[in-house]
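No experiment lies behind these values; they were computed from the predicted model shown. Along the sequence shown, residues carry numbers from 1. Both backbone and side-chain heavy atoms feed into the values below; hydrogens, waters and symmetry mates do not.
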Amino acid sequence: CPPEKAALVLSLFTGASRELEEALLVNPYDRVACAEAMEKALSFPEEERRRRNEKMRSVVARNNIFRWAGRTLTDLFRMEFAE
């Protein structure tokens with residue numbers, strides 16, 4: 001989907017919600033909040049959607065599975081030798 005056409009509505013309970021700050025975060029069990037977030041997402045001007053998506057794509061590009069795995073292994077290594 002082209003960035004100018006999309007808006008992300010994301011559950012607060014996902015790990016990605018901490019990193020994707022440009023997403024509209026909702027409690028998926030709150031139907032009213034979900035509906036309001038979807039309505040808000042649909043009303044964003046094209047430039048707002050584009051800006052938000054570019055920021056989120058940048059975060060995803062920087063924080064891929066390989067970087068996550070590397071940081072996790074580094075942290076484990078440090079913990080092992082810190083004791």
Side-chain angles (χ1 to χ4, degrees):
C1 183
E4 67 276 4
K5 302 282 184 191
L8 181 61
V9 177
L10 186 63
S11 168
L12 288 165
F13 305 129
T14 64
S17 69
R18 286 180 242 135
E19 295 186 41
L20 299 177
E21 297 173 355
E22 299 299 320
L24 297 172
L25 303 178
V26 296
N27 176 340
Y29 299 106
D30 184 341
R31 289 186 286 184
V32 173
C34 287
E36 289 171 349
M38 287 183 216
E39 183 177 13
K40 183 176 181 179
L42 291 169
S43 70
F44 281 148
E46 183 177 315
E47 187 54 40
E48 175 78 3
R49 290 191 304 260
R50 178 179 284 121
R51 181 189 64 75
R52 286 173 173 265
N53 278 294
E54 285 175 1
K55 281 187 162 185
M56 288 188 287
R57 287 174 194 257
S58 174
V59 168
V60 170
R62 282 192 320 270
N63 297 319
N64 61 37
I65 187 66
F66 301 108
R67 290 205 181 183
W68 175 84
R71 283 192 310 263
T72 300
L73 292 173
T74 299
D75 290 347
L76 288 171
F77 183 77
R78 286 183 183 145
M79 287 173 34
E80 176 72 25
F81 290 101
E83 294 178 355

ask   = Got a second to check how far Trp68's CH2 is from Ile65's CD1, nearest 0.5 Å?
value = 5.5 Å
request  = Considering only Ile, Leu, Val, Met, Phe, Trp and Tyr, and joining two whenever side-chain heavy atoms are under 4.5 Å apart, list the other residues clustered with Met38.
outcome  = Val9, Leu24, Val26, Phe44
inquiry  = Please report the interatomic distance OG(Ser43) to NZ(Lys40), rounded to the nearest 0.5 Å.
reply    = 8.0 Å
message = Hydrogens and angles aside, do Ser58 and Arg62 bring a side-chain donor and acceptor to less than 3.5 Å of each other?
response = yes
Partners passing side chain to side chain contact (heavy atoms under 4.5 Å, CB included) against Ala33 (at least two apart in sequence or in another chain) = Asp30
query = Does the pair Glu54 and Arg57 meet the rule for a salt bridge (charged side-chain N to carboxylate O under 4.0 Å, His left out), with working shown?
reply = CA-CA 5 Å; Glu54 285 175 1; Arg57 287 174 194 257; over 6 Å; no
inquiry  = Listing request: all side-chain hydrogen bond (donor to acceptor under 3.5 Å, both in side chains) pairs with a residue in residues 7-20, at least two apart in sequence or in separate chains.
reply    = Glu19-Asn63
query = Is there a side-chain contact between Leu20 and Leu25, using heavy atoms and a 4.5 Å cut-off?
reply = no
query = Charged N to carboxylate O below 4.0 Å: is that the case for Glu48 and Arg51?
reply = yes
query = In Å and rounded to the nearest 0.5 Å, what is the CE to CD distance from Met56 to Glu21?
reply = 11.0 Å
key: Backbone of Glu22 reached by a side-chain donor or acceptor of Arg52 within 3.5 Å   = yes
